[in-house]
Amino acid sequence: MIEQWIYDKLKKDIGVKRFNHSIGVMNTSMKLAKYYDYPIEKAKIAGLLHDCGKLQGEINLLKMAYDFDIILDNVMKVNKELIHSPLGAEIAKKEYNVEDEDILNAIRFHTTGRENMGLLEKIVYIADLIEPGRDFPGVEKIRELAYEDMDKSLLFAINNTLKFIIQKGNLIHLDTIKARNQLIILKNME
Ligand code: DGI
Ligand code: FE
Ligand code: FE
C-alpha cells in the first residue's frame with residue numbers, strides 16, 4: 001500500500017504531466033514484475049517515484065545536487081537532464097522515506113543504466129520507456145521484447161537511445177556504454 005501523501009507530494013513536486021507518466025511507469029513496472037516474478041510492491045514504488053527528482057520550475061540542479069552531497073561526474077555536469085536520477089534517489093530516501101537499496105538504485109540508474117543491473121533496475125528502465133503514454137520510433141519493438149527477453153529489450157532500448165543521443169551530438173554517459181558492453185558480451189556467450 002502506498003500512502004496518499006506520497007501521490008499528493010509527487011504530483012505537486014513534478015507536475016501533473018510527469019505525474020501521469022509516473023503512474024504509467026508504476027503500472028508497467030508492476031506488470032513486468034509479475035511477469036518476471038519480482039516483488040510487486042517494490043516495483044510499484046520504484047516505478048511511481050523514478051522521476052521524483054524532476055522538480056518543477058526554475059531550480060538549480062547543480063546546487064541541489066551539491067546540497068544533497070551528490071558527487072556529479074563530468075558528463076552529468078554538462079548534461080543536466082541526467083541529474084534527476086541520482087537526485088531522485090536522494091529525494092526518495094530523505095523526503096519519501098524509502099530505505100530499500102534496490103528501489104533507490106532503480107531510481108538512481110533509470111536514465112543511464114549501468115553494468116550489473118539488478119532485475120528491478122531493468123524493470124524500471126524498460127517501464128520508463130514503454131509505459132502506455134510513450135510514443136517514439138522503436139517503442140513497439142522494445143514493448144514486444146520486454147515480455148520475451150528482458151536483456152534483449154534492454155540492449156535494443158540502449159542502442160535506440162544512443163542513436164538519438166549521437167544524432168543530437170550529446171555526450172554519452174560511461175554507465176550506458178558499460179551496460180551495453182556487458183549485454184553484448186552476455187549475448188555472445190549464449
Ligand atoms: O525522465 P524521462 O524523460 O522519463 O526519461 P529518462 O530519465 O530515461 O531520460 C531523460 C533523457 O536522458 C532522455 O532524453 C535520454 C537521455 N539519456 C539517456 N541516457 C543518456 C542520456 N543522455 C545523455 N547525454 N547520455 C546518456 O548516456
Ligand atoms: Fe527520468
Ligand atoms: Fe520517466
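The first residue in the sequence is number 1, and the count goes up from there. Just follow the structure's listing: the first ligand is 1, and inside any ligand the first atom is 1.
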message: Counting only nitrogen or oxygen atoms and a 3.5 angstrom limit, does Ser85 reach ligand 1?
response: no

Taking atom 22 (N) of ligand 1 as the reference point, the nearest protein heavy atom with its distance: Ile165 CD1, 3.6 Å

query: Do Phe109 and Tyr125 have their ring centres less than 6.0 Å from each other?
result: no

- prompt: If you count the atoms of ligand 1 from 1 in the order shown, which ones are under 4.0 Å from a heavy atom of His110?
  reply: 7 (O)

task: Would you check whether Lys168 has a nitrogen or oxygen atom less than 3.5 angstrom from a nitrogen or oxygen atom of ligand 1?
output: no

message: Checking contacts here: is it the side chain or the backbone of His173 that comes within 4.0 Å of ligand 1, counting heavy atoms only? Could be both or neither.
response: both

task: Report yes if some N/O of Lys54 lies less than 3.5 Å from some N/O of ligand 1; otherwise report no.
output: yes

- prompt: Which residue from Thr161, Thr111, Val124 reaches closest to atom 9 (O) of ligand 1 through any of its heavy atoms?
  reply: Thr111

- prompt: With a cut-off of 2.8 Å, does any N, O or S atom of Asp51 fall short of it relative to the Fe ion (ligand 2)?
  reply: yes

Given Asp175, Ile185, Leu155, Ile172, the one that forms side-chain contact (heavy atoms from CB on, under 4.5 Å) with Arg180: Leu155

- line: When rounded to the nearest 0.5 Å, the distance separating CD1 of Ile158 from CD of Gln182 is 9.5 Å

Backbone or side-chain N or O of His50 under 3.5 Å from ligand 1 N or O: no

- prompt: Under 4.0 Å from ligand 1, counting heavy atoms only, is it the side chain of Asp128, its backbone, both or neither?
  reply: side chain

task: Measure from NZ or CZ of Lys9 to the centre of the six-membered ring of Tyr96 and say whether it is under 6.0 Å with the direction within 45° of the ring axis.
output: yes

message: Report whether any nitrogen, oxygen or sulfur of His50 sits less than 2.8 Å from the Fe ion (ligand 2) (N, O or S, backbone or side chain).
response: no

- prompt: Distance from Ser29 atom OG to Lys42 atom NZ, nearest 0.5 Å?
  reply: 13.5 Å

task: Kindly state whether the ring of His50 and the ring of His84 have centres lying under 6.0 angstrom apart.
output: no

query: Which atoms from ligand 1 have a heavy atom of Asn79 less than 4.0 Å away?
result: 24 (N)

- request: Determine yes or no for a side-chain-to-main-chain donor-acceptor pair under 3.5 angstrom, with Arg143 supplying the side chain and Glu131 the backbone.
  value: yes

statement: His21 heavy atoms within 4.0 Å reach ligand 1 at atoms 4 (O)

query: Would one find an N or O of Leu171, backbone or side chain, under 3.5 Å from an N or O of ligand 1?
result: yes

message: Between His110 and Glu121, do the side chains contain a donor N or O and an acceptor N or O under 3.5 Å apart?
response: no

- request: Would you mind telling me if ligand 1 is within reach of the side chain of Val75, the backbone, both or neither, using heavy atoms under 4.0 Å?
  value: neither

query: Are the charged groups of Asp67 and Lys63 less than 4.0 angstrom apart, N to O?
result: yes

- request: Using only N, O or S atoms, tell me which atom of Asp128 is closest to the Fe ion (ligand 3).
  value: OD1

- prompt: Starting from atom 14 (O) of ligand 1, which protein heavy atom do you reach first, and at what distance in Å?
  reply: Glu81 OE1, 3.8 Å

- request: Give the numbers and elements of all ligand 1 atoms closer than 4.0 Å to a heavy atom of His84.
  value: 1 (O), 7 (O)

- request: Give the atoms of ligand 1, by number and element, whose distance to some non-hydrogen atom of Arg134 is under 4.0 Å.
  value: 2 (P), 3 (O), 4 (O), 5 (O)

- request: Consider only side-chain N and O atoms of His173 and Asn79, and report whether a donor and an acceptor are under 3.5 Å apart.
  value: no

Ligand 1-proximal atoms of Arg18, by part, heavy-atom distance under 4.0 Å: side chain

Donor-acceptor pair, side chain of Thr176 and main chain of Thr112, under 3.5 angstrom: yes

statement: From the list Ile126, Leu32, Ile130, side-chain contact (heavy atoms from CB on, under 4.5 Å) with Ser153 holds only for Ile126

query: Can an N, O or S atom be found in His21 less than 2.8 Å away from the Fe ion (ligand 3)?
result: yes

- prompt: Quick one: are Leu48 and Ile2 in side-chain contact, heavy atoms under 4.5 Å?
  reply: yes

